[in-house]
Amino acid sequence: MTDYLSSLNEPQRQAVMHGEGPLMIIAGAGSGKTRVLTFRIAHLIENGVDPFRILSLTFTNKAAAEMRHRIETSVGYEARNIWMGTFHSVFAKILRIEAKYLGYTSNFSIYDTDDSKSLLRSIIKEFNLDDKVYKANAVFNRISGAKNRLVSADDYLNNSIIQADDKAARMPEIGRLYKAYTVRCFQANAMDFDDLLFNTNVLFRDFPEVLYKYQHKFHYVMVDEFQDTNVSQYLITRKLSAVHQNICVVGDDAQSIYAFRGANIENILNFEKDFPAVRTIKLEQNYRSTQNIVNTANSVIARNKAQLRKEVFTENEEGTLIDVIKANSDNEEGRLVVTSIFEEKMQGSLRNNDFAILYRTNAQSRSFEEALRRLGIKYRIVGGLSFYQRKEIKDLLAYLRFIVNQQDEEAFKRIINLPKRGIGDTTVAKITVSAAENSVPIWDVVSNIHQYVSGRATVPIDKFAYLIKSFMLMIDQGKDAFEVATHVAKTSGILRELYEDKTVEGLSRYENVQELLNAIKEFVDNPENEDKTLGTFLQSVALLTNADEPDDDGDNDRVTLMTIHSAKGLEFKNVYVVGMEEDLFPSQMMLESRQDLEEERRLFYVAITRAEQKLTFSYAESRYQWGRLKMCEPSRFLLEVDQRFLNTTKATREMATRETQPAPMGFLKNITQKTAPSRAPVATHQPSEGFAPSDTSGLTEGQKVEHPKFGFGVVSKMDINGTDRKATVKFDAVGEKTLLLSFAKLRIVE
DNA sequence: GCAGAAGCGCTTTTT
DNA sequence: GCGCTTCTGC
């Protein structure tokens, strides 16, 4: 069993073998971090540690699932018993068990961001504040930020600095909104995402006996992606491991990309203060990427001042240069990238799975989707509108939530008139007012409507209450989640309404609801889930996001499209980092509101280090945004890369022919002037020899050419439209091919 | 109370 | 460009 140790390098082995006491692993990108963590847990279990006593915290569901899978393969069934999951899911579980300490019941609802904002909108309206000034989004972010720093509503109101800040931002009432929001969540027996962490801190602070219980339950605590934990998360783990001191954190400061959410690099520094006995191990050898990729990444991150010194290196092969693709529009960018994928795929006999397209914002996916569809390449989009955020799904889930927790105000607002049953805003307002006047929960009013309200709306309300009660009865009778959910979907009229909608969207919505029911069925049928009640299902689903959604068919060989944030922890043979434009990446908002160029740069670093074999950057010179055409400049990040690692022949095509502009990276010249002072000098670069782009200037039909990959051929068609040039070439070896930018590689033979 | 029309604001990134 | 909210007329 110890033979796996031989496959590790020295620092890796030390990290795995480390026994008792605090341990910090600084793991560079691609340094085998997950392997080390997995082996370490396996090693503990092998040495007699009860899996029940191990708590392993990750940041995303994906990472948790991956870890569980890997440990199961090396440890076997025992791995089941490890407490493993995201911060949010693990502490939601604990909060359910200990809910009564905080005045909650164990079936509390979890408000997602939409619920939170909707509640805030209501409160803002009730306070008679201008919703143009108090935007739900901004208020929510402010409150969220406070919670992540463990600032309660009362702390917030009493803190003169915060109050001054809010006054300066012309939003002095945020403190009161925060307070009202907290009260309303509590009345609704609901917690938002931040509450799951905030309330765990409160629980452990105010009830030492509860803290004691968990401190002694968990002998070993592991934290993955430590650089992304915020103060609230860090304090929980610190408290939990205070007794046994067996805390192991793994992180990489160079990959800290969640400061916007309150993640704090200083946690790494604090860790050494809080656990003076800490042993620090650095994993610096990269096993993932080629030298060119590693060096590119290093050359980028070296510009950051805030970083722990670390020497990431690799013994892998040198690899190819990093291609730079320049397109004149977002649509062309999509076409060029996808064409390149197509060519790479053919030429290197790769699978769709080997490719990822990474972008800064979800909205950028469109042009790539279109191009992929056109070429018939299967793809998968991670993130964006997740399955569980679709209207029809949220509608059915709202029913289920309300049946489990009748205090859930947001769920109530969603379903009271859905499908239409003649209960409009006026009636809902009456109910709310009446509930407030009599200081009883809304459900009391609804279920005994005749005692509180009279009028013609009482009839549909009575019917609604009767409907809900019949659902609640099913739960009391011990029906499982699937039985209740199917019954609700049918009886409530949701399914019927969608079924009658014969439009394409209607059909797809109907299918989505069926899909949700399937997921519930799977949940119920899964022997690992002992508790098959609706409440437990809802709990598991509330914290699920884009990560593990049911795949629409069995074909998993797809090109992956996602934001760089979601790509963290993943790796692909070929990676395209697209939309390399100033204001987009680095994001304008980031620079305007937080002045944090370094976090954007770390994000760039993360993107680069996802690639194993080949990396490509692309950017467009113009892009549609809100239906308007916007001119774009290449990102400053393209200049920051050590230019020796770039292959700019694709991009420099036009520039190279313009002899007047020889050296400094002609293709980026417009931005060098605009923001030059803040930047490092630009490296000079000579176009690569052999297939110099200038050779294509005189390309005409009938010419014999040579392509570096496809060999000899004859130009059968030239299509020149401004700067957008297309050449169709009939190659001796591979037949006819349409070359877009890559025809710059053609060499004229005669 | 409801349906269709018009208007507005929005885009970082995730649990 | 889209989705959500508000407006308007019935």
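Labels below follow one simple rule: chain letters A, B, ... track the order of the sequence lines, proteins then strands, and each chain is numbered from 1.
Listed pair Thr60(A) / dT14(B) fails the phosphate criterion, with no side-chain N or O lying under 4.0 Å from OP1 or OP2.
Among the protein residues, Lys132(A) comes within range of the sugar-phosphate backbone only, with heavy atoms under 4.0 Å from sugar or phosphate atoms but none that close to a base. As judged by a 4.0 angstrom heavy-atom cut-off over every strand, Tyr624(A) is placed among residues making no nucleic acid contact. Counting any heavy atom pair closer than 4.0 Å across all strands shown, Phe87(A) reaches no nucleic acid atom. Using a 4.0 Å heavy-atom cutoff across all strands shown, Asn417(A) reaches sugar-phosphate atoms only and no base atom. Across all strands, Thr113(A) comes closer than 4.0 Å to base atoms (heavy-atom distances). Lys125(A) comes within 4.0 angstrom of sugar-phosphate atoms only, judged by non-hydrogen atoms across all strands, and of no base.
One atom, CG of Asn137(A), and another, P of dT11(B), lie 5 Å apart when rounded to the nearest Å.
Out of dA3(B), dT14(B), dT15(B), the shortest distance to the side chain of His88(A) is found at dT15(B). Checking dT12(B), dT14(B), dG1(B) against the side-chain heavy atoms of Thr426(A) singles out dG1(B) as nearest. Side-chain atoms of Ala363(A) lie closest to dT11(B) of the nucleotides dT14(B), dC2(B), dT11(B). With distances taken from any side-chain atom of Lys420(A) to the nucleotides dT12(B), dT13(B), dC2(B), the minimum falls on dC2(B). Picking from dT15(B), dC10(B), dC2(B) the nucleotide with the shortest atom distance to the side chain of Lys135(A) gives dC10(B).
Checked by atom type, the side-chain pair Asp253(A)/Gln227(A) shows no donor-acceptor distance below 3.5 Å.
Pairing of dT8(C), defined by two Watson-Crick or G-U wobble distances under 3.5 Å, is identified with dA3(B). Applying the Watson-Crick and G-U wobble criteria (two distances, each under 3.5 Å), dT11(B) pairs with nothing in any strand.
Mapping Met590(A) and Thr427(A) onto DNA chain B by nearest heavy atom places Thr427(A) closer to the 5' end of the strand.
Note on Lys147(A) versus Asp195(A): salt bridge recorded, some NZ/NE/NH1/NH2 to OD/OE distance being below 4.0 Å.
Relative ring orientation between Tyr258(A) and Phe59(A) is described as tilted, the plane-to-plane angle lying within the 30° to 60° band.
Without hydrogens or angle criteria, Asn199(A) side chain to Val202(A) main chain gives no donor-acceptor distance under 3.5 Å.
Exactly one of Arg623(A), Arg360(A), Arg636(A), Lys630(A) qualifies for a salt bridge (charged side-chain N to carboxylate O under 4.0 Å, His left out) with Glu582(A). That residue is Arg636(A).
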